[in-house]
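Step one of this worksheet: look at the structure below.
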Amino acid sequence: MTSILEPARPQPSTTHDVTNQPPPLAPYDASDDVALLEGLRREGAGWAEADLRRLGERAGGAQAQEWGDLANRHEPELRTHDRYGNRIDEVEFHPAWHELMRVAVEEGLAGAPWADERPGAHVARTAGGLVWGHSEAGHGCPTSMTYAAVPALRREPELAKVYEPLLTSREYDPGLRVPAQKRGLLAGMGMTEKQGGSDVRTNTTTATPTAEPGLYTLRGHKWFTSAPMCDVFLVLAQAPGGLSCFLVPRILPDGTRNPFRVQRLKDKLGNRSNASSEPEFDGTVAWLVGPEGQGVKTIIEMVNCTRLDCVMASATLMRKTLVEAGHHVRHRSAFGARLLDQPLMRNVLADLALESEAATTLTLRLAGAADRAVRGDAGERAFRRIATAVGKYWVTKRGPAFTAEALECLGGNGYVEDSGMPRHYREAPLLSIWEGSGNVNALDVLRALTRDPETAEALFAEFARARGADARLDAAVARLRDDLREASPVGARRLVERMALALQASLLVRHAPPAVADAFCATRLAGDWGHAFGTLPPAADLNAILDRGLPGGGVWPGAGVPGGGVTRG
């Protein structure tokens with residue numbers, strides 16, 4: 001019998017042994033996406049593939065993933081005054097934010113494409129965003145606005161001469177200083193006000209001309225101005241000649257601070273790493289961009305660019321969460337088999353992979369149209385005008401449901417903050433809200449059809465490229481022609497949804513393998529689908545879809561069972 005004074009013999013401990021949990025995803029290659037790489041080449045930017053692959057490895061690396069986590073856990077803080085009581089209106093960010101920004105700017109994800117004469121430069125930037133966005137979403141806001149500011153600023157050549165070389169720079173140079181003395185600039189935008197939101201024509205901020213031509217002073221309060229640490233802002237205000245666009249620098253050429261009083265930072269659902277603010281203007285110096293009274297017309301090119309980036313960011317979020325879900329089910333077992341080998345889980349993943357490929361393919365097609373429109377292609381300009389609004393409406397609408405389903409693939413693990421999935425889930429609704437909510441974009445499509453008939457011609461010319469390849473697509477396009485004759489605001493969402501699905505289907509029919517195109521047309525066009533992801537019909541070739549859609553393929557030992565198709569590996 002053992003004495004109570006004798007030390008107890010160590011017993012094997014099993015309570016904290018970790019089993020049946022996936023290893024960390026990072027490092028992984030965020031560019032390991034067949035649809036992305038094929039779209040890059042098809043849209044004229046194949047020359048950027050080596051850089052994209054390098055960026056993909058960096059985005060999926062442990063360091064970049066940690067930067068994304070740190071930037072969201074340590075949120076930006078507003079400092080309105082210094083220790084002496086001087087008004088400074090500065091926002092402090094965690095060092096991880098600056099690292100993310102530095103890489104994004106150096107990799108040409110801000111204004112750089114406007115200084116790159118190579119065909120496909122804008123496509124390469126969009127593809128880079130689809131990859132680097134795997135690291136973190138919030139810092140994509142200032143890079144997007146900087147990219148979008150350049151074409152609007154070109155409406156005033158003298159201002160563009162000063163600021164464009166710095167906005168297109170690949171050097172990240174944070175800190176508020178005289179813009180002309182910096183190595184690179186970031187741009188923001190201030191359009192919405194609390195009484196009107198997207199209805200910017202109701203803005204009450206006033207612009208008073210000074211004795212110097214083109215120079216004004218502003219007075220008013222903006223409601224949603226993201227990234228207040230940017231160097232310059234494009235702002236809408238009421239001038240004597242009507243709503244006009246102005247350039248507002250934070251620091252004036254003489255080194256003094258321009259009145260830009262940040263009242264507070266928004267406490268947002270997601271996008272926590274990015275500071276969104278309410279600035280107040282009172283005697284704020286501003287330069288007119290474009291003619292008085294043409295503020296919306298001047299800034300609309302900026303909106304087209306940022307809307308494309310909303311589509312891109314939503315497609316990125318889909319891909320990121322699909323990769324996370326695929327990694328989890330590859331390493332997790334339940335009910336006697338890996339989750340990846342469970343037929344119903346494969347249906348869910350294949351359905352998500354279809355949605356992700358459709359979003360990525362459409363994003364790159366829109367980027368290709370933008371690139372060719374910049375280079376003078378009138379047909380692509382008309383297509384871009386309508387298709388970007390269509391894509392913005394639909395792809396961003398799909399994001400929240402997609403992200404929720406991907407999160408559910410992880411079960412309870414996905415509901416825990418340190419999985420990263422809750423952060424993605426909170427981010428998802430944002431892309432549908434920013435740059436015009438769903439209703440604004442749906443009505444904008446109707447406006448384009450009415451005011452610019454060539455947009456409808458361009459859209460149906462795009463559909464015609466796939467004519468005869470799939471009867472379900474042909475029928476959907478024919479219905480669309482009938483729908484356009486009776487288009488009305490009350491049915492705008494329904495119409496735009498059908499446009500988006502037909503557009504995605506036409507792209508997949510032309511460019512994706514038959515298994516992908518057939519499953520998409522059967523479900524999204526012909527209605528052989530349920531109301532949730534994971535309801536693909538029995539005839540869908542799940543293996544072929546997963547082999548293409550998941551990094552490393554969807555290898556499954558169960559070949560020969562319904563929906564099995566041909567197994568690789």
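For reference, positions follow the sequence shown, starting with 1.
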field: Ion pair check, R53 and E57, cut-off under 4.0 Å
entry: no
message: Does F93 have more than 12 heavy atoms from other residues, nucleotides or ligands lying within 6.0 Å of its CZ?
response: yes
- prompt: Are the charged groups of E417 and R426 less than 4.0 angstrom apart, N to O?
  reply: yes
query: Is there a donor-acceptor pair under 3.5 Å between the side chain of T388 and the backbone N or O of R385?
result: no
- request: Mark yes or no for whether S31, through its side chain, and G56, through its backbone, hold a donor-acceptor pair below 3.5 Å.
  value: no
message: For E75, is the CD atom crowded, meaning more than 12 foreign heavy atoms sit under 6.0 Å from it?
response: yes
With F383 via ring-ring contact (aromatic ring centres under 6.0 Å, His included) - residues at least two apart: none
- prompt: Of all residues at least two apart in sequence or in a different chain, which pass the side chain to side chain donor-acceptor pair (under 3.5 Å) check with S506?
  reply: none
field: Presence of salt bridge, R423 and E427, under 4.0 angstrom
entry: no
field: D371/R118 ion pair, N-O < 4.0 Å
entry: no
- request: Say whether, by atom type as modelled, one donor and one acceptor occur between the side chain of N347 and the main chain of P343 under 3.5 angstrom.
  value: no
Exercise answer: donor-acceptor pairs, residues 465-475 side-chain atoms, under 3.5 Å, sequence neighbours excluded:
from: D470; atom 1: OD1; to: R472; atom 2: N; distance (Å): 2.8
from: D470; atom 1: OD1; to: R472; atom 2: NE; distance (Å): 3.1
from: D470; atom 1: OD1; to: L473; atom 2: N; distance (Å): 3.3
from: D470; atom 1: OD2; to: R472; atom 2: NH2; distance (Å): 2.8
from: R472; atom 1: NH1; to: D518; atom 2: OD1; distance (Å): 3.4
from: R472; atom 1: NH2; to: D518; atom 2: OD1; distance (Å): 2.8
from: D474; atom 1: OD1; to: G468; atom 2: N; distance (Å): 3.2
from: D474; atom 1: OD2; to: G468; atom 2: N; distance (Å): 3.1

query: Stepwise, does the side chain to side chain donor-acceptor pair (under 3.5 Å) test hold for Y28 with H134?
result: CA-CA 10 Å; Y28 72 100; H134 281 236; 2.9 Å; yes
- prompt: Can you name the residues that form a side-chain contact (heavy atoms from CB on, under 4.5 Å) with A149, not counting sequence neighbours?
  reply: A187, L234, M302
query: Do any N or O atoms from the side chain of T455 and from the backbone of I386 form a donor-acceptor pair under 3.5 angstrom?
result: no
message: Check this for me, if you would: do E99 and R102 make a salt bridge, where the nitrogen-to-carboxylate-oxygen distance has to be below 4.0 angstrom?
response: yes
query: Tell me, do K268 and S276 make a side-chain contact under 4.5 Å, heavy atoms counted?
result: yes
field: Between NE2 on residue H94 and CG on residue L100, distance to nearest 0.5 Å
entry: 10.5 Å
query: Would you call R125 and D309 a salt bridge, taking side-chain N to carboxylate O under 4.0 Å as the test?
result: yes
Return all side-chain donor-acceptor pairs below 3.5 angstrom for residues 353-361, not counting sequence neighbours, or 'none' if the list is empty.
from: E355; atom 1: OE1; to: R524; atom 2: NE; distance (Å): 3.4
from: E355; atom 1: OE1; to: R524; atom 2: NH2; distance (Å): 2.7
from: E355; atom 1: OE2; to: R398; atom 2: NE; distance (Å): 2.9
from: E357; atom 1: OE1; to: R548; atom 2: NE; distance (Å): 3.0
from: E357; atom 1: OE2; to: R548; atom 2: NE; distance (Å): 2.9
from: E357; atom 1: OE2; to: R548; atom 2: NH2; distance (Å): 2.9
from: T360; atom 1: OG1; to: S356; atom 2: O; distance (Å): 3.1
from: T361; atom 1: OG1; to: E357; atom 2: O; distance (Å): 2.8

- prompt: Is a side-chain donor or acceptor of W132 paired with a backbone partner of A59 at a separation under 3.5 angstrom?
  reply: no
- prompt: So, are D483 and R479 salt-bridged, with charged N and O less than 4.0 Å apart?
  reply: no
query: Got a sec, which residues hit ring-ring contact (aromatic ring centres under 6.0 Å, His included) with F463, two or more places apart in sequence or on another chain?
result: F460
message: Treating W47 as the side-chain partner and P119 as the backbone partner, does any N or O pair qualify as donor plus acceptor under 3.5 Å?
response: yes
message: Under 4.0 Å between a side-chain nitrogen and a carboxylate oxygen: does that hold for R58 and D29?
response: no
message: Closer than 3.5 angstrom, by distance alone: can the side chain of R332 be matched with the main-chain N or O of P22 as a donor-acceptor pair?
response: no
